[in-house]
Undergrad: 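Have a look at this one.
Keep in mind that this is a model prediction, so the values were computed, not measured.
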Amino acid sequence: MTAMSNLSSDVTELIFSYLPIPTLIRASTVCKLWHSIISSSTFSQLFPQSQKYPWFFLYGIHNTSSNFNQSFAFDPVSNLWFRLPSPTFPSQSSSFLGVDGFFLITAPFFTFSPILKRHLHSTSPLRFSRINPLVGVFDSGSSSPPSFIVVGGVRFIGNLVDIEDRLAVEIYNPNSDSWLLCPPLPADFRSGNSSQSLSSALFKRRFYVFGIYSCFISSFDLHTHLWSEVQTLRPPGVVFSFLISCMDRLVLAGICNGPLGSSFNLWKIEEATMEFSEIAIMPHDLLYGLFDGDEEDKFASLKCVGLGNLIYVFNEEYHKKYPACICEISSEDGKCRWRKVPQLPSPVNKFHKVVSFSSTVSLHSILQSEGGGDDVAPVQPMFD
């Protein structure tokens, strides 16, 4: 047999490309050669798992003591949770949120940080500082600053929340460090214009906004800066649902009442016509395994996030320590495969608010955040 040390760099790189990220991080500490291969930007670009299998991030916020805040990340390839260092949350937890690759604070100032590097960057002030907005990130390569779009949300006037003001859409230009004002959400969304009642998806250069309960949908064109006509997207029997951007499609996911009771369904959405077709139903045991009792309103705590080929469904209540399951949509045959996510690593505190999102994870950024580099000795990873 050929020793690993006798293989060419190309073959070694190919072998590494099949390993999950936690294993690669450990492998990068073996020797300088392996570290140089794994930490190179070219290997990170060739590494397919970061785009196809986004991670699930869960941040728990305790309102009275920051000592009880906790942060977790789930890697679907290794099927493992990792405990992360908790960021410093703002006093107003409604201004903290996460999007693909970043966590952000939107008030009183707009700041952002890569999810694993934990270095806050401040932008010029938003024209309308706001809490609970929808935020999307686009045109953000590893070597260029990100651009953000901020939609909806509510703002304070004195100590009062102004729920009537339809705040302008603001788009951040990283080159000029400025915010461009654009038309606000259509008036149909007036009764609920925050992330508590809306979900969003960035798909094919359009930022879609969807009413979780109203089922109104409209999209903002990132080129023309105009909103599309508001339509209603409500499959039969749907109670509430979330819009998710997968790799090659828009997906609607939510609770549906049918002849056999409640179910959690997935529908594929044709973005040109807003027509929908059912693609999957969560197995009954998985759905009801997310809850303890049989209360009528038990589904109210159900949340859903997703990206790439994965959709995460979870219960944001503490009583079962935030249980979750995952659906993988095959890029080859379109079939959906469900499975349970392992429990969070103990101990798990009780939180007043849970911030959750799905994000791609760059192996290169993880290793760089740990202090690695071609001229730096390998170090232990940040994960517990």
Side-chain angles (χ1 to χ4, degrees), residues 90 92 94-115 117 119-157 161-190 192-211 216-231 243-245 250 271 307 355 357 359-360:
Q92 175 53 260
S94 298
S95 65
F96 175 84
L97 52 89
V99 296
D100 184 21
F102 300 91
F103 68 79
L104 314 101
I105 299 170
T106 60
F109 305 103
F110 192 96
T111 57
F112 66 93
S113 171
I115 51 178
K117 284 191 175 182
H119 179 66
L120 285 175
H121 304 266
S122 296
T123 71
S124 58
L126 284 163
R127 176 71 178 273
F128 301 104
S129 180
R130 58 192 87 187
I131 62 172
N132 286 330
L134 300 170
V135 180
V137 58
F138 59 98
D139 290 339
S140 55
S142 58
S143 60
S144 61
S147 297
F148 297 104
I149 176 172
V150 180
V151 178
V154 294
R155 64 171 177 159
F156 282 99
I157 299 179
V161 176
D162 183 2
I163 62 174
E164 294 297 324
D165 190 359
R166 292 192 298 128
L167 300 176
V169 170
E170 300 192 50
I171 298 178
Y172 179 65
N173 183 334
N175 297 319
S176 61
D177 186 28
S178 61
W179 292 91
L180 174 67
L181 293 182
C182 301
L185 268 171
D188 305 66
F189 295 95
R190 181 186 297 274
N193 56 8
S194 78
S195 59
Q196 294 178 320
S197 57
L198 300 174
S199 71
S200 61
L202 189 59
F203 186 70
K204 294 183 178 180
R205 303 292 296 180
R206 301 187 75 93
F207 189 78
Y208 288 83
V209 175
F210 176 76
F216 292 148
I217 186 170
S218 180
S219 64
F220 181 86
D221 191 311
L222 292 175
H223 292 294
T224 65
H225 296 166
L226 297 176
W227 287 97
S228 67
E229 179 184 357
V230 176
Q231 298 176 263
L243 190 66
I244 296 169
S245 174
L250 283 173
E271 69 270 16
L307 198 66
V355 176
F357 61 99
S359 174
T360 54

Undergrad: With heavy-atom distances below 4.5 Å as the criterion, would you say the side chains of Thr123 and Trp179 are in contact?
TA: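 They are in side-chain contact.
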Undergrad: What distance separates Asp188 CG from Gln231 CD, expressed to the nearest 0.5 Å?
TA: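 Between atom CG of Asp188 and atom CD of Gln231 there are 11.0 Å.
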Undergrad: Using the salt bridge (charged side-chain N to carboxylate O under 4.0 Å, His left out) rule, collect all pairs that involve residues 170-179, keeping only residues at least two apart or in two chains.
TA: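 Qualifying pairs, neighbours excluded: Arg130-Glu170.
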Undergrad: Can a donor-acceptor pair be found, under 3.5 Å and without considering hydrogens, that links the side chain of Asp100 to the backbone of Thr360?
TA: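 Yes; at least one donor-acceptor contact below 3.5 Å.
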Undergrad: Nearest 0.5 Å please: distance from the CZ atom of Arg205 over to the OG1 atom of Thr224.
TA: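 If I round to the nearest 0.5 Å, the distance is 11.0 Å.
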Undergrad: Under the rule for side chain to side chain donor-acceptor pair (under 3.5 Å), what residues qualify as partners of Arg127, not counting sequence neighbours?
TA: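 By the side chain to side chain donor-acceptor pair (under 3.5 Å) rule, Arg127 matches no residue at all.
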Undergrad: Can you name the side chain to side chain contact (heavy atoms under 4.5 Å, CB included) partners of His225, sequence neighbours left out?
TA: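 In terms of side chain to side chain contact (heavy atoms under 4.5 Å, CB included), with neighbours along the sequence ignored, His225 is linked to Ile171, Leu180, Cys182, Phe220.
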Undergrad: For Asn173, which residues count as a side chain to side chain donor-acceptor pair (under 3.5 Å) partner, sequence neighbours excluded?
TA: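 Applying side chain to side chain donor-acceptor pair (under 3.5 Å) to Asn173 gives none.
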Undergrad: Ser200: which residues meet the side chain to side chain donor-acceptor pair (under 3.5 Å) condition with it, sequence neighbours left out?
TA: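 If we apply the side chain to side chain donor-acceptor pair (under 3.5 Å) test to Ser200, skipping adjacent residues, there are no hits.
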Undergrad: Roughly how far, to the nearest 0.5 Å, is CD1 of Ile217 from CZ of Phe210?
TA: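 Phe210 atom CZ to Ile217 atom CD1 measures 6.5 Å (nearest 0.5 Å).
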Undergrad: Is the side chain of Ser359 donor-acceptor paired with the backbone N or O of Gly101 at a distance under 3.5 Å, no angle test?
TA: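 Yes; judged by distance alone, with no hydrogens or angles, the pair exists.
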Undergrad: Return the OG1 to CD1 distance between Thr111 and Ile105, rounded to the nearest 0.5 Å.
TA: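 It comes to 4.0 Å.
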Undergrad: Using the test side chain to side chain contact (heavy atoms under 4.5 Å, CB included), find all partners of Pro174 that sit at least two apart in sequence or belong to another chain.
TA: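 Once residues adjacent in sequence are excluded, the partners of Pro174 under the side chain to side chain contact (heavy atoms under 4.5 Å, CB included) criterion are Pro145, Ser147, Tyr172.
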Undergrad: When you compare the side chain of Leu198 with that of Leu185, does any pair of heavy atoms fall below 4.5 Å?
TA: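 Leu185 vs Leu198: side chains touch.
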Undergrad: For Phe148, what residues pass the ring-ring contact (aromatic ring centres under 6.0 Å, His included) criterion, not counting sequence neighbours?
TA: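 If we apply the ring-ring contact (aromatic ring centres under 6.0 Å, His included) test to Phe148, skipping adjacent residues, the hits are Phe102, Phe110, Phe112.
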Undergrad: I would like to know whether Ile149 and Phe138 meet side-chain contact (heavy atoms from CB on, under 4.5 Å); could you show each step before the answer?
TA: CA-CA 8 Å; Ile149 176 172; Phe138 59 98; 4.2 Å; yes
Undergrad: Would you mind reporting whether His121 and Pro114 have side-chain heavy atoms less than 4.5 Å apart?
TA: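 Sidechains of His121 and Pro114: in contact.
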Undergrad: Just jot down the side chain to side chain donor-acceptor pair (under 3.5 Å) partners of Ser218, sequence neighbours excluded, or say none.
TA: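 Partners of Ser218 under the side chain to side chain donor-acceptor pair (under 3.5 Å) test: Ser228.
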Undergrad: Identify the heavy atoms of Ser95 and Ala107 that sit nearest to each other, and give their distance.
TA: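 Looking at all heavy atoms of both residues, the closest pair is OG-O, 3.3 Å.
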Undergrad: Are side-chain heavy atoms of Leu167 and Val150 found at a separation under 4.5 Å?
TA: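 SC-SC contact between Leu167 and Val150 ruled out.
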Undergrad: Counting C-beta onward and ignoring hydrogens, is there a side-chain heavy-atom pair between Val151 and Trp227 closer than 4.5 Å?
TA: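 Yes; the side chains approach each other to less than 4.5 Å.
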Undergrad: Which heavy atom of Ser245 sits nearest to which heavy atom of Leu202, and what is that distance?
TA: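 Heavy atoms of Ser245 and Leu202 come nearest at OG-O, 3.0 Å.
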Undergrad: Applying side chain to side chain contact (heavy atoms under 4.5 Å, CB included), can you list everything that pairs with Pro184, at least two apart in sequence or on another chain?
TA: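 If we apply the side chain to side chain contact (heavy atoms under 4.5 Å, CB included) test to Pro184, skipping adjacent residues, the hits are Arg166.
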Undergrad: Applying side chain to side chain contact (heavy atoms under 4.5 Å, CB included), name anything that partners Glu271, two or more places apart in sequence or on another chain.
TA: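 For Glu271, the residues satisfying side chain to side chain contact (heavy atoms under 4.5 Å, CB included) (neighbours in sequence not counted) are Phe203, Lys204, Tyr208, Leu250, Met274.
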Undergrad: Quick check: do Val209 and Pro186 have side-chain heavy atoms less than 4.5 Å from each other?
TA: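 With C-beta onward as the side chain, the pair stays apart.
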